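Data block below; observations after.
Below, all heavy atoms of this structure are taken into account, side chains as well, without hydrogens, waters or symmetry copies. A quick note: this is a predicted structure, and the numbers were derived from the prediction, not measured.
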Amino acid sequence: MFFASDNAGPVHPQIMNRLAQANSGHAMPYGNDAIMDEVRDAIRTTFEAPEAAVYLVATGTAANALALACYTQPWQTIFCSVTSHIHEDECNAPEFYAGAAKLTMVETDDKMTPEALTKAIEKHPEGNVHGAQRGPVSITQVTERGSVHSLEELNALTAVAKRYDLPVHLDGARFANALVALGCSPAEMTWKAGVDVVSFGGTKNGCMGVEAVIFFDPAKAWEFELRRKRGAHLFSKHRFLSAQMAGYLQDDLWRATARQANDNARYLADGLRAAGATMLHEPDANMIFAKWPRRIHQKLQAAGAKYYVMDGPLDSGDPDTPLSARLVCDWSVGTEAIDQFLSYF
């Protein structure tokens, strides 16, 4: 009954197999391995972007921070949701890698809106030497509240950014989950929607630890290479990053694992609703925020269930007081574990 995070799940056997295959003989280091050529071609084909520059790093924070640094001057500010991962969970890494550029919050309860983005941008007038200058817009897809921006919503946000001549970054740690939920193509959710650079996540969706950074404008390629090296994120035995991503892309495994994770979350959400839990956000992908009585939380925790209780205290207080929780499903969670979890309601 492990619903704490999709970071905690196992590596998919297909990816493990590619790692085992890569662990034979010698290969050129630093991204010059033959498997990386395979990955680059596969991503360009998948995203319908034959000129895209493709790079791999080991963590989502590195992917976001290094990508944003390529589009941000130290005197600029990055526009992001108040609930974005780069604000809530990256320990100022984007600011660090962008030379102390600041983040400007776009006020929202969940998904970013064009109106809120416009308001945030307008608070930083051009030509004011005393204030931060306008920098890139960063959109989280899936959001940190489990919602997915529709294609129409993405296009509306990028239209605002382009109106102010600002580049757009997409934090796609759960890119595959969002794409499966929308039923669209990778191109439609990125460059066709006005996205300049995307962090294409693998770690949360069956990989051991690999994320791709995809620049649809290859002019940023050399700068990223320098920033990746300077930031200590260029792997010497790079083939083990390449092998993961190759296995992830092979036979569209990345879509299959995301679809399974989303299906697991839908099954769990339906069961929670049937048991009387209240949904705090509509679970569009594989993340659920819900509320139910303290006494049930206590039973679940005592039985070994792993998930985050978002408020509390858990151990004391009225047993009927509802407490909110976050639950995340990965590809490996089956209905048996979900049924066991639901049996405590």
If you draw a 6.0 Å radius around [atom1] in [X], do more than 12 non-hydrogen atoms from other residues or ligands fall strictly inside?
| X | atom1 | result |
| --- | --- | --- |
| Met28 | CE | no |
| Asp109 | CG | no |
| Asp318 | CG | yes |
| Lys299 | NZ | yes |

Side-chain contact test, heavy atoms from C-beta onward, threshold under 4.5 Å: evaluate it for [X] versus [Y] and give yes or no.
| X | Y | answer |
| --- | --- | --- |
| Thr140 | Ser81 | no |
| Asp339 | Tyr267 | yes |
| Phe3 | Val328 | no |
| His87 | Cys80 | yes |
| Glu211 | Leu56 | no |
| Lys102 | Glu95 | no |
| Val82 | Val106 | no |
| Ile15 | Trp254 | no |

Checking the side chain of [X] only, and the main-chain atoms of [Y] only, is there a donor and an acceptor separated by less than 3.5 Å?
| X | Y | result |
| --- | --- | --- |
| Arg44 | Ala52 | yes |
| Thr45 | Asp41 | yes |
| Thr72 | Ala98 | no |
| Thr203 | Val210 | yes |
| Arg326 | Met310 | no |

Going by the salt bridge (Lys or Arg N to Asp or Glu O under 4.0 Å) test, which pairs reach into residues 183-199, not counting sequence neighbours?
Glu48-Lys192, Lys162-Asp196

Tell me the salt bridge (Lys or Arg N to Asp or Glu O under 4.0 Å) pairs involving residues 270-285, sequence neighbours left out?
Asp270-Arg273, Arg273-Glu282

Strictly by modelled atom types, are [X] and [Y] linked by a side-chain donor-acceptor pair under 3.5 Å?
| X | Y | value |
| --- | --- | --- |
| His124 | Gln133 | no |
| Tyr164 | Glu122 | yes |
| Thr59 | Thr61 | no |
| Ser242 | His238 | yes |

Show your working on side-chain hydrogen bond (donor to acceptor under 3.5 Å, both in side chains) between Glu144 and His85 and close with a plain yes or no.
CA-CA 7 Å; Glu144 291 299 291; His85 197 272; 4.6 Å; no

For [X] and [Y], which heavy atoms make the closest approach, and how far apart are they?
| X | Y | answer |
| --- | --- | --- |
| Thr83 | Asp110 | OG1-O, 3.5 Å |
| Ser138 | His169 | OG-ND1, 2.8 Å |
| Leu179 | Pro186 | CD1-N, 3.3 Å |
| Ala132 | Thr77 | CB-CB, 4.1 Å |
| Gln76 | Ala101 | O-CB, 3.2 Å |
| Ala67 | Val213 | CB-CG1, 3.9 Å |

Charged N to carboxylate O below 4.0 Å: is that the case for [X] and [Y]?
| X | Y | answer |
| --- | --- | --- |
| Asp330 | Lys204 | no |
| Arg145 | Glu88 | yes |
| Arg227 | Glu223 | yes |

Here the side-chain hydrogen bond (donor to acceptor under 3.5 Å, both in side chains) pairs for residues 170-183, sequence neighbours left out, are Asp6-Arg174, Asn64-Asp171, Asn177-Asn262

Compute both the distance and the angle, then confirm whether Lys220 meets the cation-pi test with Tyr71: under 6.0 Å from the six-membered ring centre, within 45 degrees of the axis.
yes

List in chain and number order the residues that pass side chain to side chain contact (heavy atoms under 4.5 Å, CB included) with Ala22, two or more places apart in sequence or in another chain; answer none if no residue qualifies.
Ile35, Phe240, Ala243

Thr113: partners by side chain to side chain contact (heavy atoms under 4.5 Å, CB included), with sequence neighbours left out
Glu115, Ala116

Partners of Arg259 by salt bridge (Lys or Arg N to Asp or Glu O under 4.0 Å), sequence neighbours excluded?
none

Going by salt bridge (Lys or Arg N to Asp or Glu O under 4.0 Å), name the residues that satisfy it together with Arg40, two or more places apart in sequence or in a different chain.
Asp37

Not counting sequence neighbours, which residues clear side chain to side chain donor-acceptor pair (under 3.5 Å) with Tyr308? List them please.
none

Tell me every residue that passes side chain to side chain donor-acceptor pair (under 3.5 Å) with Arg255, counting only those two or more places apart in sequence or in another chain.
Asp252

Distance-only check: which donor-acceptor pairs under 3.5 Å involve side-chain atoms of residues 230-237, not counting sequence neighbours?
unit_1 : atom_1 : unit_2 : atom_2 : d
His233 : NE2    : Tyr97  : OH     : 3.3

Residue pair Met105, Leu103: steps toward the side-chain contact (heavy atoms from CB on, under 4.5 Å) verdict:
CA-CA 6 Å; Met105 298 302 103; Leu103 302 183; 3.6 Å; yes

Let's go through Val137 and Leu117 carefully: what are the C-alpha distance in whole Å and the side-chain angles of both, what is the deciding distance for side-chain contact (heavy atoms from CB on, under 4.5 Å) to 0.1 Å, and is it a yes or a no?
CA-CA 9 Å; Val137 174; Leu117 177 57; 4.1 Å; yes

Do the ring planes of Tyr248 and Phe200 sit parallel (below 30°), tilted (30 to 60°) or perpendicular (above 60°)?
tilted

Kindly assign one of parallel, tilted or perpendicular to the pair Phe216 and Trp191, based on the angle between their ring planes and the thresholds 30° and 60°.
tilted

Should Leu327 and Phe341 be marked as a side-chain contact (heavy atoms from CB on, under 4.5 Å) after you check the CA-CA gap, both sets of side-chain angles, and the distance that decides it?
CA-CA 11 Å; Leu327 306 101; Phe341 185 90; 3.4 Å; yes

Side-chain donor-acceptor pairs under 3.5 Å in residues 152-160, sequence neighbours left out?
unit_1 : atom_1 : unit_2 : atom_2 : d
Glu152 : OE1    : Ser150 : OG     : 3.4
Glu153 : OE1    : Lys111 : NZ     : 3.0
Glu153 : OE1    : Ser150 : N      : 2.8
Glu153 : OE1    : Ser150 : OG     : 3.4
Glu153 : OE2    : Lys111 : NZ     : 3.2
Asn155 : ND2    : Leu151 : O      : 2.7
Thr158 : OG1    : Leu154 : O      : 3.3
Thr158 : OG1    : Asn155 : O      : 3.1
Thr158 : OG1    : Ala193 : O      : 2.5

Taking Arg18 as the fixed residue, which of His12, Gln250, Gln244 is the one that meets the side chain to side chain donor-acceptor pair (under 3.5 Å) rule?
Gln250

Could you give all pairs that pass the ring pair (Phe, Tyr, Trp, His ring centres under 6.0 Å) test and reach residues 277-297, with sequence neighbours left out?
His281-Phe289, Trp292-His297, Trp292-Tyr307, Trp292-Phe345, His297-Tyr307

